[in-house]
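Single-structure report; data block below.
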Amino acid sequence: MTPSQTHARCNEAGCTFRTDGICLNGFEDPVACPHHQVLDSEVSEVQEENNVDQKKNDLISIFDLEMVALRGAMDLDIDNARVISGRARTPLIILAGEKNVGKTTILTSIYERLLRQNHPFLFAGSQTLLGFEARCHDSRESSGRNDADTPRTAFLDQPVFLHLCLEELDNPGEKVDLLMTDLGGELFVRVANSTLEAQRFAIAYESSMFALVLDGKKLAMPTERQAHADLGRGVLRSLLTAKMLDSKSDVMLIINKVDCLTTERATEFLNHLKRNFDQEFRTKFGSFEIHQIAARPDPIGTMDVDGEGMDELLKTWMRKAGVVQKPTSIRTNQQVHRRWYELTKWPTSDSGEGS
Amino acid sequence: VNTGTAVVMMGLSGTGKSTYLAALWHAFETQGIPKHLTICTQPEDRTYLNKIKQEWLGAIPVSKTHEEEHHTVQLSLTDADRNTSLQLSIPDLPGEAYRNAWANRELDARIHGLLTVADGILLFIGPNPHDPPLINTHRRQIHQMALEASPERDSDAVIGNAVPWDAKEHARTDTILTDLLQLALELRIFQTAPLKVSVIVSAWDRQQIVNPNPAELFQNQYRLLSRFISTNSHRLQSRVFGVSAQGCDYENPQERDRALNHIEPLHRVRVVENSSENHDLTQTLHWMMTSR
């Protein structure tokens, strides 16, 4: 431990400066980091560390405060997501697509299944339980609604993430931290329309799985389906042009609300669309797969009301943990670290068509 | 506060924390049933403990802890088996404090401090958690029938307006307790030993199912919490007890009379773990104790 380490500390969660001298934010001179704190020279850290019991008593005695703030649990911002991604097995899943395609519903469906069913996955933790509960409210009877719904995700000035730590039933002891984005659909219209906006969507480059969601209900409607599919293609093309997705990217097309694709004509169009996407994108990405799901099927229909195709989808995401490249290595990889910070250039409300 | 061994009582309102404490205090004071632990020094101020004990002895509902109240009960105990003395700190906070912690993301500083050094948690749960069902076909059909019968009515008026989300009111009990237990783990920054959790399924005398097993009920009713504990076994050790500290339904006159007729009031108490049952509340604590 260097003298500067002995008499300094960092108040940022996840920073290992005190133990290995490496600043999480990549500053060569740690004094430049805003989280860096120089300790009072009269206080001997070493002495303090030798007296754990004293520390505990100090902790209690300083609590003349009435209340202590706890960490948030609604969703994770970039900084908090970065701390979790510092762990070894953290696939980052980006859910992309127009508004109302069911991106948030996919997330709530996964969560509800953990609560209500025997699942191939075991819950092992989440930093965003409050966020899951809030997003599930409109689909529960306590909301007083007639039909299940999901609150619309607002267009925000920075990305937000939901977190689940899961353990596969068949693979006990191996936990996977999933980070999943919950982004407003307006963002993806901008990405499709502008290479600059696609470049600003730097998080796509860091994703373990980029999942484009299409709405089966729209695909079933002759007036909507061509434009809807076209926008989806536009998102992928724009991100390819901006080099935010490339031949190493894992990309997934999710056809949601498949319970709406009931007619023969609709099924025919779906098959055509799948062939079309496959032909255009299979060779352009590291992997390209198509999943058909119904995150929240019509309760009057024949599909599993708790979600159709969800376990297979989640299994695919979990498998990404096995091949995840550490974005993860942000503690040591300044390039990746900078890229995360480029997210502060997130498209703003005045940079394109508004939400 | 002596930090030798700290046990924190945690649980939402109405899960029997104060009743448990009243019966426990009677058990220690009379040295009646407890086999494993006995009290060696009386707490200096016993006003609160005696008040709830009197209520418990009279088979009347133990006064709920008010929101502004905070009682940290500190007991010096002797472990007869190990011949060691242990300090037990049990804060009796109103359950509302824990619900507020979940919703408002702030916690009473004293309980925060105790969680930081906690060796164990007594986690109180009700046998039937608040688990709001998903909107289902049945509801929708009723709504549709009502609309057809009276098409001029506003759709919302049929079954009420949509209720906006309120974290305190609408969240699942299972989720709230899981979040609180996660927070408790995160706060134990100086502790390397696993946190020991006695899950206490309260009101066990009101179980309607045949041959109920507390651990099975916990797994079925609290899916998130039970999975979280099992998948984090390197950080958490747990045992599940079905406990009836009250012993009966006080509002049922016959049951209450039967309870009052016990020569030894502690015989009202039921503590069930797997297939074994006895009257010893201290077993929920004893296994958590570690001497230092």
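Throughout, a chain's letter reflects where its sequence line sits, starting with A, and its residues are numbered from 1. Reckoned from all heavy atoms, side chains included, excluding hydrogens, waters and symmetry mates.
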Does [Y] offer a backbone N or O that forms a donor-acceptor pair with the side chain of [X] under 3.5 Å?
X        : Y        : answer
A:His137 : B:Ala171 : no
A:Glu133 : B:Arg172 : yes
B:Gln182 : A:Ser126 : yes
B:Asp174 : A:Leu115 : no

Applying a strict 4.5 Å limit to non-hydrogen atoms, the region of A:Tyr111 in contact with chain B is side chain
Decide whether B:Thr231 and A:Glu167 meet the rule of one side-chain donor and one side-chain acceptor closer than 3.5 Å.
no
I would like to know whether A:Phe123 and B:Thr178 meet side-chain contact (heavy atoms from CB on, under 4.5 Å); could you show each step before the answer?
CA-CA 10 Å; A:Phe123 175 83; B:Thr178 306; 3.5 Å; yes
By salt bridge (charged side-chain N to carboxylate O under 4.0 Å, His left out), B:Arg227 pairs with (sequence neighbours left out) none
Would you find more than 12 non-hydrogen atoms of other residues, nucleotides or ligands less than 6.0 Å from A:Lys175 atom NZ?
yes
Out of A:Gly125, A:Cys136, A:Pro172, A:Pro151, which one racks up the most heavy-atom pairs below 4.5 Å with chain B?
A:Gly125
So what's closer than 4.5 Å to chain A heavy atoms on B:Glu186: side chain, backbone, both or neither?
side chain
Would you call B:Leu224 and A:Leu129 a side-chain contact if the rule is heavy atoms closer than 4.5 Å?
yes
With side-chain contact (heavy atoms from CB on, under 4.5 Å) as the test, would you mind laying out the steps for B:Leu183 and A:Arg71 before giving the verdict?
CA-CA 8 Å; B:Leu183 287 167; A:Arg71 67 159 169 77; 3.9 Å; yes
